[in-house]
Enquirer: 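Take a look at the following structure, please.
No hydrogens, no waters, no symmetry mates; every other heavy atom, side chains included, goes into these values. This structure is a prediction, so every number in the text was calculated from the model and none was measured.
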Amino acid sequence: MNSFKINKSASALYEELAHVITQGNVGFFFGAGMSIHSGIPSAATIIDKIVTSLGFPPEQEEKIKMLNYPFEAFLELLSIYAPLEKMLGIFDKGEPTQFHRLTKKLVERKLVTQLMTTNFDLLIENANINNINVVYHEKYFQNLSPQVVNYIKIHGGSKQKDTIRTVISAIARKKLKAQRRKALEFFFNEAGLKTIFVFGYSCSDAVDITPCLRKIKNNATNIIFIQHAPDDPISQFLIPEANPFAGFGISSKYIRCNTDNLIWYLSEHFKLSVSRTTVQKELDTTRYLDYGDLSYGKKRLFAAKVLLRNGHHEEAATILQQGLQKEGRNTEWADMISSLFEVYYNIHVQTRKDICDILPSGTSNRTFEKDKNEAQTIFDEKHDQNKVGELNIHWGHLLLSLKKYDAAILAYNKAMRCFMETSNTYRVYQCRNNIAEINFRRWQNDPSLLSLEDAYKLCYPEWHSCFRYFSQSQYVFEKEIAYENMAELLLAFKRTQKKRIAHYINEARKLSEYLNDKTGLDNCIELEKEANKILVS
């Protein structure tokens, strides 16, 4: 047992964990940390290599690498401009590690009875575990049974790469599907597990797994949450602030330890031969992660979108402006024009600067309108109504920031017609929401334009319709905004409806916390201040 030079305190802790597993009815939930020795690179390494291959100047490359952008969201953006199958092929490779061999042993001894992972790879499958039900398609998540050993791949699997694309698209759009929620509730609650070991999981997915786990209350199941650390192990009861497992059994524990030593110890305890090789031979990633052959325009668009979604709007503007200087009048040029309108609006919202102080010197409204019309012509020639719609949404945003309200409404209506043609209901309601907000802000800035009653009749039907759609949808971010809008609307027009106002603000706050959305939380604080003036009266 001591061939790996484990000290006495670590040995005692590892023996205690082995005893828990020996009692059976155990689940293993594991993330990317448990594939790190397989030869498959980590998510951070994959992002680094892809960004390096794009050939940006060192300062821009480093800025993108330092963003700590969620892996699934990074992949979703990459899929817009490049074939994702090329990169996903790397998850078909790699060799099962000591952890995967140990898992096989414990499943076949009927000690571990359920498995769940966030990983795409095939390492468990390649460990050749007998009699397990591998489930990676969301349509099967609602029919899971505790009577069989399920291996639930909550983010899809590389054996069917369309399952991965579905998940990354949903996560990037802050959309939590009911099927994934059902699978989490099964594994962490309904499967009746006595103990769940959590290995190699960072708890970093703000709209996917972590928020759902925070809502589960299951005192009958204990969580052993293990995080890797090179130093001596620390064992303590779970700290609610540090992880999402506060609602589980009172004997749940948080353990920091050398995970390799723990796996080796458990392997010897359960009579499994121990491999002394920690790291498999590193894979040659060039064929999977080199995207240097992307066109100049696509590289610029991809990098700008990554920066934009992470709040680095001015850097995104610089990359797009540089791209426009070199790109000919083609689809990618039109995409950059559309994206640049979006970026300028976001800089305006973020900095509260006058839009005229943000636009490049010498730029006129006429120049922008000419570029917008030319971009729209390019998209029209391609018969791409979704692109026309997106262009007009971004153009509407820019006009809104210039306080050209009537022109902005025309742009949003044009966008809405395009999205109706393509049956893009989500975007249609975004347009309706934007139009309602313009009318509300215009009345708010100049109440003399409309009577209170007429303003309410103009704003309420649209915002309430948007609220009904988004509050019943799986789009968490839009749902948060819908609750904020309804609270603000009632504070302006129906201040006597105190309970409804308080309810909308409370729901918006909960969703902001769910998303870790600082802007949303700040908005809720301002709404609460305004509400308190009337709620105490």
Enquirer: If the condition is side chain to side chain donor-acceptor pair (under 3.5 Å), which residues does Tyr345 pass it with, not counting sequence neighbours?
Expert: none
Enquirer: Would you say the side chain of Phe71 lies within less than 4.5 Å of the side chain of Ile47, judging by non-hydrogen atoms?
Expert: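 Side chain of Ile47 against side chain of Phe71, heavy atoms only: contact under 4.5 Å found.
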Enquirer: Looking at side-chain heavy atoms only, is the closest gap between Asp260 and Trp264 below 4.5 Å?
Expert: yes
Enquirer: For a side-chain contact (heavy atoms from CB on, under 4.5 Å) with Glu62, tell me which candidate from Gln60, Glu59, Met66 qualifies.
Expert: Met66
Enquirer: Rounded to the nearest 0.5 Å, what separation is found between the CG atom of Asp121 and the CD1 atom of Ile40?
Expert: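 Going from the CG atom of Asp121 to the CD1 atom of Ile40 covers 4.5 Å.
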Enquirer: Does Ser251 offer a backbone N or O that forms a donor-acceptor pair with the side chain of Asn222 under 3.5 Å?
Expert: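 Looks like yes, one N/O pair under 3.5 Å.
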Enquirer: Is Asp92 reaching over with its side chain to a backbone N or O of Leu122, donor-acceptor style, under 3.5 angstrom?
Expert: no
Enquirer: Could you state the interatomic distance from CE (Met87) to CG (Leu289), rounded to the nearest 0.5 Å?
Expert: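 The CE atom of Met87 sits 7.5 Å away from the CG atom of Leu289.
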Enquirer: What I want to check is whether the side chains of His100 and Thr103 have a donor and an acceptor closer together than 3.5 Å.
Expert: no
Enquirer: Are the charged groups of Arg427 and Glu390 less than 4.0 angstrom apart, N to O?
Expert: yes
Enquirer: Are Lys65 and Thr52 close enough that a side-chain donor and a side-chain acceptor fall under 3.5 Å?
Expert: yes
Enquirer: Can you say whether the rings of His397 and His394 are parallel (under 30°), tilted (30 to 60°) or perpendicular (over 60°)?
Expert: tilted
Enquirer: Taking Gln227 for its side chain and Arg256 for its backbone only, find out whether a donor-acceptor pair lies under 3.5 Å.
Expert: no
Enquirer: Ring centroids only, cut at 6.0 angstrom: are Phe30 and Phe99 within range, meaning strictly under it?
Expert: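 So the answer is yes for these two rings.
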Enquirer: Using atom types as modelled and distance alone, determine if a side-chain donor or acceptor of Thr318 lies under 3.5 Å from a backbone N or O of Glu314.
Expert: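 Side chain of Thr318 to backbone of Glu314, a donor-acceptor pair under 3.5 Å: yes, one is there.
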Enquirer: Quick check against the 3.5 Å criterion: does Asn150 have a side-chain atom that pairs as donor or acceptor with the backbone of Ile152?
Expert: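 No; zero donor-acceptor contacts below 3.5 Å.
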Enquirer: Answer with yes or no whether the side chains of Tyr136 and Thr117 bring together a donor and an acceptor at under 3.5 Å.
Expert: no
Enquirer: In this structure, is the centre-to-centre distance between the rings of Tyr81 and Tyr291 below 6.0 Å?
Expert: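 Between Tyr291 and Tyr81, the centre distance exceeds or equals 6.0 Å.
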Enquirer: Parallel, tilted or perpendicular for Phe248 and Phe188, by the 30°/60° rule?
Expert: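 Phe248 and Phe188: perpendicular rings.
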Enquirer: Distance-only, no hydrogens or angles: does the Lys299 side chain make a donor-acceptor pair with backbone N or O of Gly292 under 3.5 Å?
Expert: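 Between the backbone of Gly292 and the side chain of Lys299 there is a qualifying donor-acceptor contact (under 3.5 Å).
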Enquirer: To the nearest 0.5 Å, what is the distance between OG1 (Thr259) and NE2 (His37)?
Expert: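 The distance works out to 8.0 Å.
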Enquirer: For residues Gln114 and Val149, determine if any side-chain heavy atom of one lies less than 4.5 Å from a side-chain heavy atom of the other.
Expert: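 They are not in contact (no side-chain heavy atoms under 4.5 Å apart), so the answer is no.
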Enquirer: Could you tell me whether the side chain of Phe419 reaches within less than 4.5 Å of the side chain of Asn386, counting heavy atoms only?
Expert: yes
Enquirer: Does any N or O in the side chain of Arg180 come within less than 3.5 Å of the main-chain N or O of Glu138, such that one atom is a donor and the other an acceptor?
Expert: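 No: the side chain of Arg180 does not pair with the backbone of Glu138.
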Enquirer: Test side chain to side chain contact (heavy atoms under 4.5 Å, CB included) on His313 and Leu308; report intermediate values, then the result.
Expert: CA-CA 5 Å; His313 304 129; Leu308 173 62; 3.2 Å; yes
Enquirer: Less than 4.0 angstrom from a charged side-chain N to a carboxylate O is my criterion; do Lys182 and Glu190 meet it?
Expert: yes
Enquirer: For the residue pair Ile358 and Thr351, establish whether any side-chain heavy-atom pair is separated by less than 4.5 Å.
Expert: yes
Enquirer: Would Glu76 and Lys305 pass as an ion pair if we require N to O under 4.0 Å?
Expert: no
Enquirer: For the residue pair Asn25 and Thr195, establish whether any side-chain heavy-atom pair is separated by less than 4.5 Å.
Expert: no
Enquirer: Can you tell whether the side chains of Lys153 and Glu125 come within less than 4.0 Å, N to carboxylate O?
Expert: yes
Enquirer: Between the main-chain N or O of Thr286 and the side-chain N or O of Asp284, is there a donor-acceptor pair closer than 3.5 Å?
Expert: yes
Enquirer: Does Ser53 use its side chain to pair, donor to acceptor, with the backbone of Asp290 at less than 3.5 Å?
Expert: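 No, the answer is negative, given that no donor and acceptor are paired below the 3.5 Å cut-off.
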Enquirer: So, for Glu480 and Ser512, which heavy atoms are closest and what is the spacing to 0.1 Å?
Expert: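 Closest heavy-atom pair between Glu480 and Ser512: OE2-OG, 2.8 Å.
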Enquirer: How about Phe470 and Phe477: are their ring centroids closer than 6.0 Å?
Expert: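 Between Phe470 and Phe477, the centre distance exceeds or equals 6.0 Å.
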